[in-house]
Amino acid sequence: MTALTNPLSKVDPEIAGIIAKEARRQEEGIELIASENTVSQAVLEAMGSVFTNKYSEGYSGKRYYGGNEVVDEMEILAVSRAKELFNAEHVNVQPLSGSPANLAVYMAVCKPGDKVLGLKLDHGGHLSHGHPVNFSGLMYNFVQYEVDEKTCRIDMNRVREAALRERPRMIIAGFSAYSRDIDWKAFKSIADEVGAVTFGDIAHIAGLIAGKALENPVPVFDIVTTTTHKTLRGPRGAIIMSKAAFQKDLDRTVFPGIQGGPHDHVNAAKAVCFHEALQPSFQQYAKQVIRNAQALAGELMARGYRILTDGTDNHLMVVDLRSKDLAGKAAEIALDKAGISCSRSTIPFDTRKAMDPSGIRLGTPAVTTRGMGEAESKQIAAFIDEALMKASDDAALAKIRGGVRELCNRFPLYV
Ligand SMILES: *Cc1c(COP(=O)(O)O)cnc(C)c1O
C-alpha cells in the first residue's frame, strides 16, 4: 500500500524538485507563446487521475477490453460536451495530439499521392499542412497557397485560382501564425466549386470560437480538428469534429488505423475543459484574450514595431523585427533573459533561415488566464521594447526581469 500512496516528493525527490522549479518558472514569467496556456487545477486533477491505469481500445459500447463501463460513461460525456460546445454532428475525442488528428483526417479522406491545398508554413500554416519534412508533405501531393506580399492576408481570389487550377481532393483552412479572421464560407464555396472536402484546423483559435468571440466553422465545414491545449485551455491532446457522413471513416482511421488505446486520463481532462468552456465566464475570457492581443499589438506599433497585417483579430501577432534591425533568435534569447517567453517565427517571404528568422510570434492566452488585462498588456509591450533595445545588456535584462516578476506576483497562477 505504501508504494501506492507515497507522494512524489518522497518517491522521487529529484523529479519532484524539477517540477517545482518549472512551477516557479511559470509563476514568475510572462508567457507569450501563442500556443500555450495555463490549465485549471480541475484539469490537472483529471489528468493525474486513475484513468491512466486503463486500456480501452475501441469506442463506447464497443471496446476490445473489459472493465470499460466507467470509461464509456466518461467518454460519452466528453463527446456530448464537445458536440454542444462546437455545434458538431460528430466528435472523436481520442486523438493524442494535433498532428495525429490531422493524419487521421488525411488518411480518412485521401489516398497517398492525392492533391491537398493548404497554407504554406512560413506564411502562417502548420508543419502538418504539407511541409516537405512532415508526413503530410511526404505522403500527399500538397499545393500551397500564400498570403499577399503587401497585406500579408490570405487572398481568397488566389485560393480560388489555385483550387480551380489544381482540383485538390481536400482544401485546408487553418493556421499557426496568422492573425486575421478566416472566411470559412468563402473556403466552403470554393471547395464546392471543385468538389473538394473542406478541412478546418482550428488548433490555435478553438477557445476563441468556443467562447463565441470568433466565427465557428464546424457547422460549415466537412471536418474540423483542434488541439485542446491552446486557447481552449485543456490538456495536451486533440479532437476531430465532422459531419455525420464522415463519422465512420474518421473513427476507423483514428482506431485501429493509427492509434491503439486512448489516453483516458487525458480524455477525462478534455471533458473538464469542455465543461469550463461552456460556462459564460469563458466567453468573457475569449473576448479578453483578443482585447489584450489588440492592446499589445497597438502599443508595439506605437513604439515603431511592424506587426504583420497591422494588428490582430485573434490572440496572436507576428512582429517583423526588421523594423528595428533585429532578428528572431537574438530577440527570443533577450526576452527569455527578461523573463518573457515567446517563439521566433518566420515571416512571409522571409529571406532569413527558419532557425533564425525575421520575426517573433506573441500571443495573449496565458497572460489573460492569469487575469491580466489591457493595462498589463501595454506594460508587457513596454518590457518587450526595453528588452529588445537592450538585448546585449545582461544587467538591464536582469532588471527588467525583476519588473516582470513583480507584475506576475500580482497575478498568481496556482498559489
Ligand atoms: C499546434 C497545431 C497543430 C499540432 O498540434 P500538436 O499537438 O503539437 O501535434 C496542428 N495544427 C495547427 C494549426 C496547430 O497550430
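Indexing begins at 1, ligand by ligand and atom by atom, following the structure's order.
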**OP:** Provide, to 0.1 Å, the distance between atom 8 (O) of ligand 1 and the closest protein heavy atom, together with that atom's residue and name.
**Re:** S97 OG, 4.4 Å

Subject >> Non-hydrogen atoms of P412 and N409 that approach each other most closely >> reply: CD-O, 3.8 Å

Subject >> Numbered atoms of ligand 1 (with element) below 4.0 Å of T227, judged on heavy atoms >> reply: 5 (O), 7 (O)

Subject >> ligand 1 atoms in contact with N102 (distance to a heavy atom under 4.0 Å) >> reply: 10 (C), 11 (N)

Original post:
Do Y140 and Y106 have ring centroids that are under 6.0 Å from one another?
Top reply: yes

Original post:
Which atoms from ligand 1 have a heavy atom of H204 less than 4.0 Å away?
Top reply: 15 (O)

Subject >> Numbering as shown, the atoms of ligand 1 that approach S99 to under 4.0 Å (heavy-atom distance) >> reply: 4 (C), 5 (O), 6 (P), 9 (O)

**OP:** Give the single entry among R236, H126, H129, K230 that approaches atom 1 (C) of ligand 1 most closely by any heavy atom.
**Re:** K230

Original post:
Does a side-chain N-to-carboxylate-O contact under 4.0 Å join D148 and K150?
Top reply: no

Subject >> Which of the ligand 1 atoms, numbered from 1, are nearer than 4.0 Å to a heavy atom of F175 >> reply: 13 (C), 15 (O)

Original post:
If you take all heavy atoms of P168 and V194, which pair is closest and at what distance?
Top reply: CD-CG2, 4.4 Å

Subject >> R361 backbone acceptor or donor facing S345 side chain under 3.5 Å >> reply: no

Original post:
What atoms of ligand 1 come within less than 4.0 Å of a heavy atom belonging to D201?
Top reply: 10 (C), 11 (N), 12 (C), 13 (C)

Original post:
Can you list the ligand 1 atoms lying under 4.0 Å from a non-hydrogen atom of H229?
Top reply: 7 (O)

**OP:** Give me the ring orientation class for F187 and Y145: parallel if the planes are under 30° apart, tilted from 30 to 60°, perpendicular past 60°.
**Re:** tilted

Subject >> Sub-3.5 Å N/O-N/O distance, P100 and ligand 1 >> reply: no

**OP:** Please determine if E89 and K83 form a salt bridge, counting it only when a charged side-chain N lies under 4.0 Å from a carboxylate O.
**Re:** no

